[in-house]
Asks: 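Please read through the structure below; I'll follow up with questions.
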Amino acid sequence: MTTTKVLTSWYSINKRDFPWRNTINPYKIWLSEIILQQTQIKQGLPYYEAFTAKYPTVFDLANADESDVLKLWQGLGYYSRARNLHATAKHVVDTLNGQFPNNYKELLALNGIGDYTASAIASICFNEKTAVLDGNVYRFLSRYYGIDTPINTTIGFKVFKALAQDILSKKNPAEHNQAIMDFGSRQCTPTNPDCTVCPFNKSCVAFKDHLVDQLPVKIKAKKPIKKYFNFLVFVSDSRETIIEKREEKGIWKNLYQFPLIETEKDPNLKEFHSQLKDYTIIKDLNYELSLYNDVDIVHKLSHQHLHTKFWIINLRKLPISGIPIKKIRDFAVPVLIENFIEDFNF
DNA sequence: AACCCGGGGTT
DNA sequence: AACCCAGGGTT
């Protein structure tokens, strides 16, 4: 039996039913693929439901404000996905008459669509013969063929993309692509795969050579750097607070936060109090400063560990314009801020 | 080619 | 604390 035959027959038995598997509407497939980038289905599914409910067509999404799109995306991470999603919706409506491109090459040109997503949409929606290469496919191919080329390198991409393309079913690329990803996800799992029940265990190189737990090979990520974040949580007598939009590039672009002072080290209350005297919007003001969390909240991202303190500043009147505290949940904020807002019971 | 960009999870 | 998961864009 061919590889594709084994994969698709496994898939016909083990296929799970997800809302994006009952459609070949490019808008819906695109939405699901963007949401599921770097994201588990369990985490992404509620967001898919929310987006398709609020924005049933690409026109609805294009007409939305970016701030509303980011609010709906809140908590999912990698927020450039949401910004690109919105920009691409506008582009499709404004210059393509609301029609998504129907081929890999033109899909690839859209913001937020790279090799994987272009291949997925082109094959699933238009049955184009383009192999998908996601983490699940890398894992299955590296083990089955015993390839130890690091997957997160330029050469690794070329080697595995060529192999994926080579074994792709030219008859039914849509089904093949979904089958190989699901197989990697659920049978050829990252840790402790149950190879005894695997339909490939007679021909898998990694299984034969006891290399399953050593493949795929990946170049290690650098250690995350430590940063010290001090958020200023203003609370005025009239129940207002100050938030600001992160405009600069970097993490959380276009999301909101409390005014932030980043320090080199972990400041104690006295040190921080004296540092505040130099802070433009607050100097010369009468206020009462207290530290909300005795122990730093450490928010862990892939490349940064954010050691965070929330400083409560009670005062009579805000030094600059703010927002009513009861409106704060209307703004898109990072999970770190969201957790504080819920815990503080604003 | 190296680096950045969130958030979730397990050992 | 150290490890796992992982596409796209920028430099």
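Heavy atoms only: backbone and side chains are in, while hydrogens, waters and symmetry mates are out. Below, read A as the first sequence line, B as the second, and so on, with proteins coming before strands; counting in each chain starts at 1. Small disclaimer: the values here were computed from a predicted structure and weren't measured.
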Asks: Within this structure, what is the CG-to-P distance between A/Asp115 and C/dA6, rounded to whole angstrom?
Replies: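 Rounded to the whole Å, the gap is 16 Å.
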Asks: Map A/Lys220 and A/Lys249 onto DNA chain C by nearest heavy atom, then report which one ends up closer to the 5' terminus.
Replies: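 It is A/Lys220, whose closest nucleotide lies nearer the 5' terminus.
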Asks: Taking NZ, NE, NH1 and NH2 as the nitrogens, is one of them in A/Arg21 or A/Asp182 under 4.0 Å from a carboxylate oxygen of the other?
Replies: yes
Asks: Is the closest basic N to carboxylate O distance between A/Lys309 and A/Asp296 below 4.0 Å?
Replies: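 A/Asp296 and A/Lys309: salt-bridged.
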Asks: Salt bridge (Lys or Arg N to Asp or Glu O under 4.0 Å), that's the test. Do A/Arg246 and A/Glu248 meet it? Break it down for me.
Replies: CA-CA 6 Å; A/Arg246 294 182 64 97; A/Glu248 74 279 13; 3.5 Å; yes
Asks: Rounded off to whole Å, could you give me the NE2-to-P distance for the A/His86 and C/dG8 pair?
Replies: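 So the NE2-P distance, A/His86 to C/dG8, works out to 21 Å.
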Asks: It should be established whether A/Lys218 places a side-chain nitrogen or oxygen under 4.0 Å from OP1 or OP2 of nucleotide C/dC4.
Replies: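 False: A/Lys218 side-chain N/O out of range (4.0 Å or more) of C/dC4 OP1/OP2.
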Asks: Report which part of the nucleic acid A/Thr153 touches: base, sugar-phosphate, or nothing (heavy-atom distance under 4.0 Å, all strands).
Replies: nothing
Asks: Can you measure A/His303 atom NE2 to B/dG6 atom P for me and round it to whole angstrom units?
Replies: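 Distance, rounded to whole Å: 11 Å.
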Asks: Counting only Watson-Crick pairs (N1-N3 plus N6-O4 or O6-N4) and G-U wobbles (N1-O2, O6-N3), all under 3.5 Å, who is the partner of C/dG7?
Replies: B/dC5
Asks: Indicate, with a heavy-atom threshold strictly under 4.0 Å, whether A/Ile34 touches base, sugar-phosphate, or nothing.
Replies: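 No contact.
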Asks: OP1, OP2 of B/dC5 versus side-chain N and O of A/Arg83: anything below 4.0 Å?
Replies: no
Asks: Give one of base, sugar-phosphate or nothing for A/Gln304, where a contact means two heavy atoms less than 4.0 Å apart.
Replies: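 Here A/Gln304 touches the backbone only, sparing every base.
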Asks: Of A/Thr154 and A/Gln37, whose nearest nucleotide on DNA chain B comes first from the 5' end?
Replies: A/Thr154
Asks: Within this structure, what is the CZ-to-C1' distance between A/Arg81 and B/dC5, rounded to whole angstrom?
Replies: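 Whole-Å distance recorded here is 10 Å.
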Asks: Rounding to an integer number of angstrom, what distance separates B/dG6 and C/dT11 when you compare their P atoms?
Replies: 15 Å
Asks: Under a 3.5 Å cut-off for both distances, is C/dA1 Watson-Crick or wobble paired, and to whom?
Replies: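 Matched C/dA1 with B/dT11 under the 3.5 Å cut-off.
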Asks: Heavy atoms only, 4.0 Å cut-off, all strands: where does A/Asn136 land among base, sugar-phosphate and nothing?
Replies: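 The residue A/Asn136 makes sugar-phosphate contact but no base contact.
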Asks: Whole-Å distance between C/dG8 P and A/Leu85 CG?
Replies: 13 Å
Asks: Do you see a donor-acceptor pair shorter than 3.5 Å between the side chains of A/Thr4 and A/Thr2?
Replies: no
Asks: Going through the checks in order, is the ring pair (Phe, Tyr, Trp, His ring centres under 6.0 Å) test met by A/Tyr287 and A/His273?
Replies: CA-CA 11 Å; A/Tyr287 60 89; A/His273 205 285; 5.7 Å; yes
Asks: Out of the candidates A/Tyr292, A/Phe310, A/Tyr256, only one should pair with A/Phe231 under the ring pair (Phe, Tyr, Trp, His ring centres under 6.0 Å) rule; please name it.
Replies: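 Of A/Tyr292, A/Phe310, A/Tyr256, ring pair (Phe, Tyr, Trp, His ring centres under 6.0 Å) with A/Phe231 is met by A/Phe310 alone.
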Asks: Looking at A/Arg83, is its backbone amide N or carbonyl O close enough to the side chain of A/Lys253 to form a donor-acceptor pair, meaning the two atoms are under 3.5 Å apart?
Replies: no
Asks: Measure the distance from OH on A/Tyr138 to P on C/dG7 and round it to the nearest whole Å.
Replies: 8 Å
Asks: Polar atom pairs between nucleotides 7-11 of chain B and protein, under 3.5 Å, N or O only, would you list them?
Replies:
residue, atom, partner, partner atom, Å
B/dG7, OP1, A/Tyr79, OH, 2.8
B/dG7, OP1, A/Val335, N, 3.3
B/dG7, OP2, A/Trp252, NE1, 3.4
B/dG7, OP2, A/His299, NE2, 2.9
B/dG7, O3', A/Gly75, O, 3.4

